[in-house]
Amino acid sequence: MIDKENFHPLNYVKKEEYSGSMEGMRYLLKKVHNGETDTDVIRVTVWPEPLGILRTPAEQKTSLEVPLTQEGVEQAADWLNEQYETRKDYWLEQMNRPWTKL
């Protein structure tokens with residue numbers, strides 16, 4: 001689980017992508033421009049291990065956009081924890097999947 005009190009990638013995300021993993025679930029926080037609102041936001045994406053985001057099929061990725069603020073980072077942490085908890089069996093299954101099954 002991500003501890004919101006110690007999860008502070010905002011200044012990092014403003015300049016670079018921020019990635020991590022949690023027991024079979026990989027995630028990426030990236031600053032993107034939302035054309036509908038004409039603002040920069042954080043796109044949070046999760047996908048299963050073992051592949052990186054570029055090699056993982058689109059149908060295996062789930063994303064959410066949150067404001068590019070500290071509150072947005074907290075929303076991202078909550079969403080990441082929710083994604084992990086609600087799909088925990090899936091993430092663990094992917095983590096233990098043999099490389100030969102890719």
Side-chain angles (χ1 to χ4, degrees):
M1 296 293 289
I2 293 175
D3 177 10
K4 286 194 307 189
E5 301 301 319
N6 296 313
F7 189 64
H8 299 286
L10 180 60
N11 288 331
Y12 191 88
V13 172
K14 287 181 178 180
K15 297 177 179 158
E16 299 288 335
E17 297 175 351
Y18 182 89
S19 64
S21 65
M22 188 168 32
E23 297 182 352
M25 181 184 84
R26 293 196 174 182
Y27 59 87
L28 176 74
L29 283 73
K30 179 180 181 178
K31 180 176 90 169
V32 297
H33 189 76
N34 183 316
E36 291 179 16
T37 62
D38 197 31
T39 60
D40 288 337
V41 296
I42 301 170
R43 179 175 296 140
V44 187
T45 305
V46 296
W47 69 95
E49 288 189 1
L51 300 177
I53 194 165
L54 298 177
R55 297 280 183 186
T56 300
E59 62 270 7
Q60 293 182 1
K61 300 175 199 172
T62 306
S63 296
L64 170 75
E65 290 185 358
V66 297
L68 185 62
T69 63
Q70 187 55 43
E71 291 78 20
V73 169
E74 291 174 12
Q75 290 173 12
D78 287 339
W79 186 77
L80 288 169
N81 287 331
E82 177 187 321
Q83 290 297 305
Y84 180 75
E85 284 299 317
T86 59
R87 300 166 62 188
K88 189 173 187 174
D89 291 340
Y90 173 72
W91 302 124
L92 293 174
E93 178 184 308
Q94 299 306 309
M95 183 174 76
N96 296 318
R97 182 173 55 158
W99 284 85
T100 57
K101 301 280 185 179
L102 297 178

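Count residues from 1 along the sequence.
S21 and Y27 make their closest contact through N-CE2, 3.6 Å (heavy atoms, listed as atom of the first residue, atom of the second, distance). Heavy atoms only, all atoms of each residue included: E49 and Q94 are closest at O-CB, 3.8 Å. Heavy-atom minimum distance, V44 versus A76: CG2-CB, 3.6 Å. Across all their heavy atoms, G72 and V66 have their closest contact at O-CG2, 3.3 Å. Of all heavy-atom pairs spanning L64 and W79, the tightest one is CD2-CG, 3.3 Å. Taking every heavy atom of both residues into account, P48 and Y90 meet most closely at CG-OH, 3.3 Å.
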- side chain to side chain contact (heavy atoms under 4.5 Å, CB included) assessment of H33 paired with D38: CA-CA 7 Å; H33 189 76; D38 197 31; 2.9 Å; yes

- Message: Please determine whether side chain to side chain contact (heavy atoms under 4.5 Å, CB included) holds for the pair L28 and W47, giving the CA-CA distance in whole Å, both sets of side-chain angles, and the decisive distance to 0.1 Å.
- Response: CA-CA 9 Å; L28 176 74; W47 69 95; 3.7 Å; yes

- From CA spacing to verdict: side chain to side chain contact (heavy atoms under 4.5 Å, CB included), V73, V13: CA-CA 10 Å; V73 169; V13 172; 5.9 Å; no

- Task: Check the pair M95 / M25 against side chain to side chain contact (heavy atoms under 4.5 Å, CB included), numbers first and verdict last.
- Result: CA-CA 8 Å; M95 183 174 76; M25 181 184 84; over 6 Å; no

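Taking CG of L68 as the start and CG of L10 as the end, the distance is 5.5 Å to the nearest 0.5 Å. Within the model, atoms CD of Q60 and CG of L51 stand 8.0 Å from one another, a figure rounded to the nearest 0.5 Å. With values rounded to the nearest 0.5 angstrom, D3 atom CG is found 8.0 Å from H8 atom NE2. Here the NZ-CD1 distance, from K31 to I42, works out to 10.0 Å after rounding to the nearest 0.5 Å. For the atom pair R87 CZ and E82 CD, the distance stands at 10.5 Å (nearest 0.5 Å). Residue N11 holds its CG atom at 8.5 Å from CD of Q70, rounded to the nearest 0.5 Å.
Both L92 and I2 belong to a single network of hydrophobic side chains, linked directly or stepwise wherever heavy atoms of I, L, V, M, F, W or Y lie under 4.5 Å apart.
At most 12 heavy atoms of other shown residues, nucleotides or ligands fall within 6.0 angstrom of atom CZ in R43. Enclosure of atom CD in E59 by more than 12 non-hydrogen atoms of other residues, nucleotides or ligands within 6.0 angstrom is indicated.
Applying the salt bridge (Lys or Arg N to Asp or Glu O under 4.0 Å) rule to K30 yields the partners E17; only residues at least two apart in sequence or on another chain are considered. With sequence neighbours left out, D78 forms a side chain to side chain contact (heavy atoms under 4.5 Å, CB included) with K4.
Side-chain N or O atoms of W91 include one that pairs as donor or acceptor with a backbone N or O of Q83 at under 3.5 Å. Under a 3.5 Å cut-off, the side chain of K61 and the backbone N or O of V46 do not form any donor-acceptor pair. Of the possible polar contacts, none joining the N34 side chain to the V41 backbone as a donor-acceptor pair under 3.5 Å is found.
Remark: of the listed residues K15, E16, K14, E16 is the sole one forming a side-chain contact (heavy atoms from CB on, under 4.5 Å) with Y12.
With contacts defined as side-chain heavy-atom distances shorter than 4.5 Å, the pair M22/N81 qualifies.
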